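Okay, structure first, notes after.
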2 protein chains.
Amino acid sequence: MSTDKKEHIINTAIGLFAERGFEGTSIRDLAAKAEVNIAMVNYYFGSKDKLFEAMLVQKASYMREKLEEIANDKSRSDIEKMDAVVEAYVNRILSQHQYHRIIHQELMLKQREEVHNSIINIFSKNTLIIKSIIEQGIKKKAFKKVDPELTFATILGTINQVMLSKGMCNLLINKEKNFNPYTDETFKKRIITHLKQIVHSLLLQH
Amino acid sequence: MSTDKKEHIINTAIGLFAERGFEGTSIRDLAAKAEVNIAMVNYYFGSKDKLFEAMLVQKASYMREKLEEIANDKSRSDIEKMDAVVEAYVNRILSQHQYHRIIHQELMLKQREEVHNSIINIFSKNTLIIKSIIEQGIKKKAFKKVDPELTFATILGTINQVMLSKGMCNLLINKEKNFNPYTDETFKKRIITHLKQIVHSLLLQH
DNA sequence: TTGAATTAAACAAACGTTTGATTAATTAAT
DNA sequence: ATTAATTAATCAAACGTTTGTTTAATTCAA
């Protein structure tokens with residue numbers, strides 16, 4: 001019971017935080033949408049801030065393990081590793097786009113410094129893994145000399161740019177308003193294809 | 001007098017909105033930082049919302065004119081036009097990074113639908129201009145067949161990704177904390193170089 | 001002296017949070 | 001097996017603060 005309802009509150013909160021931001025969401029809004037009493041949020045989580053942290057912990061997606069698995073996979077060439085990185089990020093961000101949007105907000109704002117720093121820390125470690133893949137490719141002369149950090153920024157930035165707002169998605173995709181870009185496989189493939197094209201043309205020698 | 005103080009309030013507001021978001025910034029915070037009386041904000045702007053709109057109008061940067069100038073410049077080749085687009089965006093976003101961050105926030109959130117839609121509308125028109133440049137290059141067989149919308153998303157997304165947070169900048173740049181990435185010419189050139197490399201390798205035939 | 005600028009104070013509404021009562025479910029004692 | 005005691009969940013109501021906004025008085029400049 002308790003766990004179910006806690007999760008239900010967290011899931012409702014994710015939707016609201018993603019659409020309105022943390023400070024733009026009141027506990028009354030949240031309680032109303034989750035159809036629970038106002039007091040339940042503080043009863044379960046202690047405070048609005050702690051609800052936020054509980055949400056981050058529960059919905060955290062550990063990309064690092066996936067990236068390290070890709071980086072250490074000796075059956076893949078370096079360019080295949082980069083392709084796998086692209087696919088992993090597109091899949092992850094598309095499937096968790098609300099959570100990802102909240103992270104994105106926190107990254108932009110200077111509120112909640114602790115959260116902010118831990119996001120940058122995670123990002124920092126992921127950057128190092130991508131960097132090592134790219135530098136290996138360069139050392140083997142399979143890759144051109146590129147800017148490893150900014151190459152990673154391009155991959156993530158492109159996905160973010162199209163995933164930021166539904167309106168932006170529909171603009172890029174030329175679809176009607178009730179179309180859901182987050183579940184559309186064609187759209188996903190389009191992003192993956194574009195990013196692979198970017199990565200291949202940027203990295204591979206001719 | 002009036003104009004000076006109004007501008008001073010707007011400039012202070014930009015800094016706060018960029019760091020804490022619109023709902024995360026109280027009029028009291030703003031008044032304190034701008035060193036004016038709390039009542040002055042409503043005296044000059046009518047309301048917090050209207051201050052926000054006044055700020056958007058005053059600090060709006062009309063990229064479209066610049067883009068159309070580039071697109072219609074017959075002395076430039078298509079790839080040179082794309083290079084000019086890259087430079088224009090990097091310069092614009094770096095020089096107005098706080099304003100740009102606020103626009104970015106509004107794009108992500110579902111608050112203030114009117115603002116949200118007008119941002120998407122502006123973006124939509126800019127996308128069309130870039131698209132026309134790329135499609136001209138493709139028609140002339142100077143460019144490879146690429147995804148024009150996503151190519152634009154890559155340019156903007158890359159800049160956004162590195163400009164989102166100062167922490168992110170310093171992570172990419174490996175500099176000490178008091179280093180200011182927004183005014184550093186070396187950093188700017190690094191981004192421009194990377195993006196031109198992306199655009200060239202993606203678009204140009206070999 | 002008139003109108004604009006500025007102020008401290010107050011306003012209602014909304015905020016996150018806490019309370020104390022009530023109900024439902026679980027455990028312990030007889 | 002039944003009752004009593006204990007715990008957990010839920011609720012409406014209220015708490016003190018902070019919010020955006022307004023007032024009315026005062027200062028300033030022309």
Side-chain angles (χ1 to χ4, degrees), chain A residues 1-59 102 105-106 109-116, chain B residues 1-59 102 105-106 109-116:
Chain A
M1 327 282 151
S2 166
T3 316
D4 285 1
K5 192 154 258 180
K6 277 180 88 168
E7 258 196 63
H8 175 240
I9 292 175
I10 284 185
N11 287 332
T12 311
I14 285 212
L16 286 175
F17 290 161
E19 282 190 358
R20 312 181 190 180
F22 179 75
E23 4 276 329
T25 305
S26 74
I27 291 194
R28 281 168 181 82
D29 291 338
L30 171 56
K33 188 159 190 189
E35 289 180 305
V36 298
N37 190 274
I38 318 171
M40 296 312 290
V41 174
N42 281 289
Y43 174 75
Y44 280 126
F45 301 97
S47 70
K48 194 189 175 189
D49 282 275
K50 283 179 184 165
L51 157 68
F52 188 68
E53 281 163 38
M55 186 268 285
L56 289 180
V57 170
Q58 225 226 353
K59 296 286 169 182
I102 295 169
Q105 288 167 15
E106 287 302 304
L109 301 178
K110 260 193 175 174
Q111 317 263 51
R112 292 171 290 283
E113 196 172 344
E114 210 178 323
V115 175
H116 183 91
Chain B
M1 331 288 142
S2 164
T3 315
D4 283 2
K5 194 155 256 178
K6 277 180 88 170
E7 258 196 64
H8 176 240
I9 292 175
I10 285 185
N11 287 332
T12 313
I14 285 212
L16 286 174
F17 290 160
E19 282 189 359
R20 313 183 188 177
F22 179 75
E23 3 277 329
T25 305
S26 74
I27 291 195
R28 279 169 182 80
D29 291 338
L30 171 57
K33 188 159 190 190
E35 290 181 302
V36 299
N37 189 274
I38 318 170
M40 295 312 290
V41 175
N42 281 290
Y43 176 74
Y44 279 125
F45 301 97
S47 71
K48 193 189 175 189
D49 282 275
K50 283 179 186 165
L51 157 69
F52 188 67
E53 282 163 38
M55 187 268 284
L56 288 181
V57 169
Q58 226 226 350
K59 296 287 169 183
I102 295 169
Q105 288 168 14
E106 287 302 302
L109 302 178
K110 261 193 175 175
Q111 317 263 53
R112 294 170 288 284
E113 198 172 342
E114 210 178 323
V115 175
H116 183 91

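It should be emphasised that the depicted structure is a prediction, and the values quoted were computed from it without experimental measurement. Residue numbers start from 1 in every chain, and the chains themselves are labelled A, B, ... in the order their sequence lines are given, proteins ahead of strands.
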Quiz item: Taking side chain as C-beta onward, heavy atoms only, is L51(A) less than 4.5 Å from I27(A)?
Solution: no

Quiz item: K59(B) side chain to I10(B) main-chain N or O, any donor-acceptor pair under 3.5 Å?
Solution: no

Quiz prompt | Nearest-angstrom distance from the residue atom CE of M40(A) to C1' of dT23(C) | solution = 13 Å

Quiz item: For the pair made of CD in E23(A) and C1' in dG20(D), what is the distance, rounded to whole Å?
Solution: 16 Å

Practice problem: Consider the side chain of Y43(A), meaning its heavy atoms from C-beta on, and name the nucleotide among dT6(C), dT21(D), dA9(D) that approaches it most closely. | Solution: dA9(D)

Practice problem: Give the rounded distance in Å between these two atoms: NZ of K6(A) and P of dA8(D). | Solution: 13 Å

Quiz item: Is there a side-chain contact between L109(B) and Q105(A) (heavy atoms, below 4.5 Å)?
Solution: yes

Quiz item: Can you tell me if the side-chain N/O atoms of K48(A) get under 4.0 Å from OP1 or OP2 in dC15(C)?
Solution: no

Quiz item: Does the side chain of V36(A) reach to within under 4.5 Å of the side chain of T12(A), using non-hydrogen atoms?
Solution: no

Self-check item: Passing candidate, side chain to side chain contact (heavy atoms under 4.5 Å, CB included) with M55(A), options N11(A), I9(A), I102(A)
Solution: I102(A)

Practice problem: For I38(B) and dT19(D), give me the distance from atom CD1 to atom C1', rounded to whole Å. | Solution: 11 Å

Quiz item: Can you tell if the side chain of F45(B) reaches within under 4.5 Å of the side chain of E53(B), non-hydrogen atoms only?
Solution: no

Quiz prompt | Flag side-chain contact, heavy atom, 4.5 Å: F52(B) against E106(B) | solution = yes

Practice problem: Mind running a 4.0 Å heavy-atom check of residues 24-37 of chain A against DNA chain D and sending the residues that fall below it, in number order? | Solution: R28(A), N37(A)

Self-check item: Flag side-chain contact, heavy atom, 4.5 Å: Y44(B) against K5(B)
Solution: yes

Quiz item: dC15(C) P sits how many Å from L16(A) CG, rounded?
Solution: 12 Å

Exercise. Round to the nearest Å and state the distance from K5(A) atom NZ to dA8(D) atom P.
Key: 16 Å

Quiz item: Hey, does the side chain of Y44(B) come within less than 4.0 Å of dT6(C)'s phosphate (OP1/OP2), counting only N and O?
Solution: yes

Quiz prompt | Duplex segments of DNA chain C, taken as runs of at least three Watson-Crick or G-U pairs that stay under 3.5 Å | solution = C:1-30 with D:1-30

Quiz prompt | A39(A) vs N42(B), nearer the 5' end of DNA chain D by closest nucleotide | solution = A39(A)

Quiz item: Would you find more than 12 non-hydrogen atoms of other residues, nucleotides or ligands less than 6.0 Å from K48(A) atom NZ?
Solution: yes

